[in-house]
Amino acid sequence: MLAGQHKSLALGLALLPLSQRLPQTHLSPKNDFVQKLQNIENLGGVISIHGRLLKHGLLGDTFISNHLLNAYLKFHRIENARLVFDEIPQPNVVSFTSLMAGFVGHQRAREALVLFGRMPVDEIMPNEFTFATAVNACSVLAHVEAGRQVHALVQTFGLGRNLVITSSLVDMYGKSNETNDARRVFDEMPDRNIISWSSMISAYAQNARGHEALELFCELLKDNRLLPNQFTYASVLNACASLGRLVAGKASHAAVIRRLPQMNEVVASALLDMYAKCGLINYSCTVFRQMETPSVIPYTAMIVGAAKHGLGRFSLELFEEMTRRGIRPNDVTFIGVLHACSHSGLVDFGIDHLNSMRERYNVVPDARHYTCVVDMLGRAGRLDEAYRLASNILVENGNDIALLWGSLLSASRTHGRLDLAVEAGNRLIEANQQVTAAYVTMSNTYAVVGNWENVHGLRTEMKKRGLQKEPGCSWVEIRSTTYVFYAGDISLCPRGAEVMHVLKELELRMRERGYTGRKGGTGMVFVDVEEEAKEAILGLHSERLALGFALVSMANGVTIRVMKNLRMCEDCHVAFKLISDIVGRDLVVRDLNRFHHFRDGSCSCVDYW
DNA sequence: AATCAAGCGT
């Protein structure tokens, strides 16, 4: 509305005869205005100068209008900025670039690209600033086709060696999950700054290629001219977290303390997330409590971390605490909260939260939230309710379908509900999602109820369709060596006999304590935890081998973590607790304490990096 | 006058 007034005023001014306009003094009010616009500290000031510019008839001046446009952007008034742009008689490349950057910064990247496309029509030549912004727009949209087109234009304009543009391209390819293209651009850069390196490290970290992220980080450290900063460490920690590499994560923590003048919230969030994913929830908590005013993101990370460790009550307390402090939960926070309820069997709390999220917090539940609730009902054995809910959710995205029906299928198998397992499995197969896993789980459900004919039938069907289960693997990180295990023959496993002995003993004790693996959720490590093919069942699951090896190492006084499929296996955590009970000592805690290098912020950790 | 990197879910 405000901007609309300006528009009509501007038209009115244009009708005034030149003589009636205020004369320009040779003291140049122009420069005066520009300086004021640059140093302005609040929106009111921008509006007042806007009015005075109108009076002086200075809005036709592209240079001044560009300053005004950017002043509006400084206070996030993207609409006002756009209206200023629309009134510039001859917008130049800076006008275009500034408004494009404004759109990108306000979740309107598509409009930035539209504006970019308008430039040739207005016969404005884009420059390096414009291209960097255009690439950034594609990056935000993860629109790799547009990104490739812009990349091609960059080459045509002879800007293929520009540092800023190429760094943006690395980021764009990374965000579009085209990691190899990101690396190609990175390798071809004539020179690189810390942003180029951080972008490439983060491209690896975000695309499940943590090993390469850490490798590249090591390479970066060899160059003494470039210092890693907060961005770099956040990505490195993210890589450690996704790999479950506690030792590297610890060392990064040490490096953060030693090498960064101060830690910001993003690094702290990455750090607490890393500790949670590597199994040290107490460390997560310590990092979290060191933050004075954590925002929604560290709160969410902590809630999710606690949930994964089976600390459902703690998750809910954290949620209470954050809302009490007036921090608004977002969609991800609720995924964490529902996840917590699901994994701690707090079904009714979970349903309450689902219902309150829209009403009280104005967060609309989507497929991911409903999937959590389906999972929660399924784990609790309330399969009919789970099925009813799942049938009523509208899911289009293949990945969402896989999560929803995959969750129901798994619960149906656990509870021996053949009817629902078949229904859920067929949904997956129809949607061409997780087809192999669906066949295997359906077949396992037939096995649970003793219907061997159908087990065999499904196996034949799989063979006919040429479906083969990829071998899963698990690994253990001991000191800084990673031991990888595949399902199969025990004789291939290092210290196989010892491993076998420990596992047998453990399984016996667990059965004595009533862990049959039929209750869902916890205690599943030892019975059918992985949906592996029947052949693998004859041998051993990779997780059991990894766990057994870890236990043997632990018995020899070695500190270990057990990992599964890139993430910490929450069931292993439960298993550790049981093992501690069985051996009558708190092995886990004692061993974790040996890692305690950080006291009072000082550090005695070896220089890993 | 305008351009590049980071953290929370499955």
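Within every chain, numbering begins at 1; the chains are lettered A, B, ... in the order of the sequence lines, protein sequences first and strands thereafter.
Ionic pairing of Asp187(A) and Arg184(A) is not present here: no N-O contact between side-chain nitrogen and carboxylate oxygen is shorter than 4.0 angstrom. A salt bridge links Asp181(A) and Arg148(A); the closest N-O separation between the charged side-chain nitrogens and carboxylate oxygens is under 4.0 Å.
For the OP1/OP2 pair of dA1(B) and a distance below 4.0 Å, the side-chain nitrogens and oxygens of Lys74(A) include no atom meeting the criterion. Taking side-chain N and O atoms only, Gln230(A) has no distance below 4.0 Å to OP1 or OP2 of dG7(B). Residue Asn70(A) has no polar side-chain atom (N or O) positioned under 4.0 Å from OP1 or OP2 of dA1(B). Using a 4.0 Å cut-off, some side-chain N or O of Asn238(A) falls inside it from OP1 or OP2 of dG7(B).
Side-chain proximity of Lys277(A) to dA6(B), dG7(B), dC8(B): nearest is dC8(B). Closest to the side chain of Asn92(A), from the set dA1(B), dG7(B), dC4(B), is dA1(B). The side chain of Ile195(A) approaches dC4(B) more closely than any other nucleotide in the set dT3(B), dC4(B), dA6(B). Picking from dC4(B), dT3(B), dT10(B) the nucleotide with the shortest atom distance to the side chain of Asn193(A) gives dC4(B). Nearest to the side-chain atoms of Asn127(A) among the listed nucleotides dT10(B), dA6(B), dA2(B) stands dA2(B). With distances taken from any side-chain atom of Leu403(A) to the nucleotides dA1(B), dT3(B), dT10(B), the minimum falls on dT10(B). Among dT3(B), dA1(B), dT10(B), the nucleotide with an atom closest to any side-chain atom of Ala101(A) is dT3(B). Comparing dG7(B), dA2(B), dA5(B) by their nearest atom to the side chain of Phe129(A) picks out dA2(B). Ranking dT10(B), dC8(B), dG7(B) by closeness to the Pro298(A) side chain, first place goes to dG7(B). Nearest nucleotide to the side chain of His339(A), out of dA6(B), dT10(B), dC8(B): dT10(B).
One atom, CE of Met200(A), and another, P of dA6(B), lie 13 Å apart when rounded to the nearest Å. Nucleotide dG9(B) holds its P atom 14 Å from the CG atom of Leu338(A), rounded to whole Å. Between Phe217(A) atom CZ and dA6(B) atom C1' the separation is 13 Å, expressed in whole Å. Counting to the nearest Å, the C1' atom of dA5(B) and the CG atom of Asn162(A) are 15 Å from each other. Going from atom CG of Leu237(A) over to atom P of dC8(B) covers 11 Å, rounded to whole Å. Per the geometry, CG belonging to Asn66(A) stands 10 Å off P belonging to dA1(B), to the nearest Å. Distance Phe103(A) CZ to dT3(B) C1': 17 Å, rounded to the nearest Å. One can place NE2 of His253(A) at 18 Å from P of dG7(B), the figure rounded to the nearest angstrom.
A cation-pi arrangement, defined by a distance under 6.0 Å to the six-membered ring centre and an angle within 45 degrees of its axis, is absent between Arg52(A) and Phe33(A).
In the model, Ser196(A) has a side-chain atom that pairs as donor or acceptor with a side-chain atom of Asn193(A) under 3.5 Å.
Among the heavy atoms of the strands lying under 4.0 Å from Gln38(A) are primed sugar atoms or P, OP1, OP2 only; no base atom is included. Using a 4.0 Å heavy-atom criterion, one finds that Ser269(A) contacts the bases of the nucleic acid, with or without backbone contacts as well. When heavy atoms are screened at a 4.0 angstrom cut-off, Asp331(A) is found touching no nucleic acid atom at all. Within the nucleic acid shown, Val304(A) comes within 4.0 Å of sugar-phosphate atoms alone, with no base atom in reach, counting heavy atoms only. Contact annotation for Ser168(A): backbone-only contact, meaning every heavy-atom pair under 4.0 Å involves sugar-phosphate atoms and none involves a base.
A donor-acceptor contact under 3.5 angstrom links the side-chain atoms of Asn264(A) to the base of dA6(B). In this model, no side-chain donor or acceptor of Asn229(A) finds a partner on the base of dA6(B) within 3.5 Å.
Ser252(A) places no side-chain N or O within donor-acceptor distance of the main-chain N or O of Leu237(A), the cut-off being under 3.5 Å. A donor-acceptor contact shorter than 3.5 Å links the side chain of Ser199(A) to the backbone of Ile195(A).
Ring geometry, His151(A) versus Tyr173(A): the interplanar angle falls from 30° to 60°, so the pair is classed tilted.
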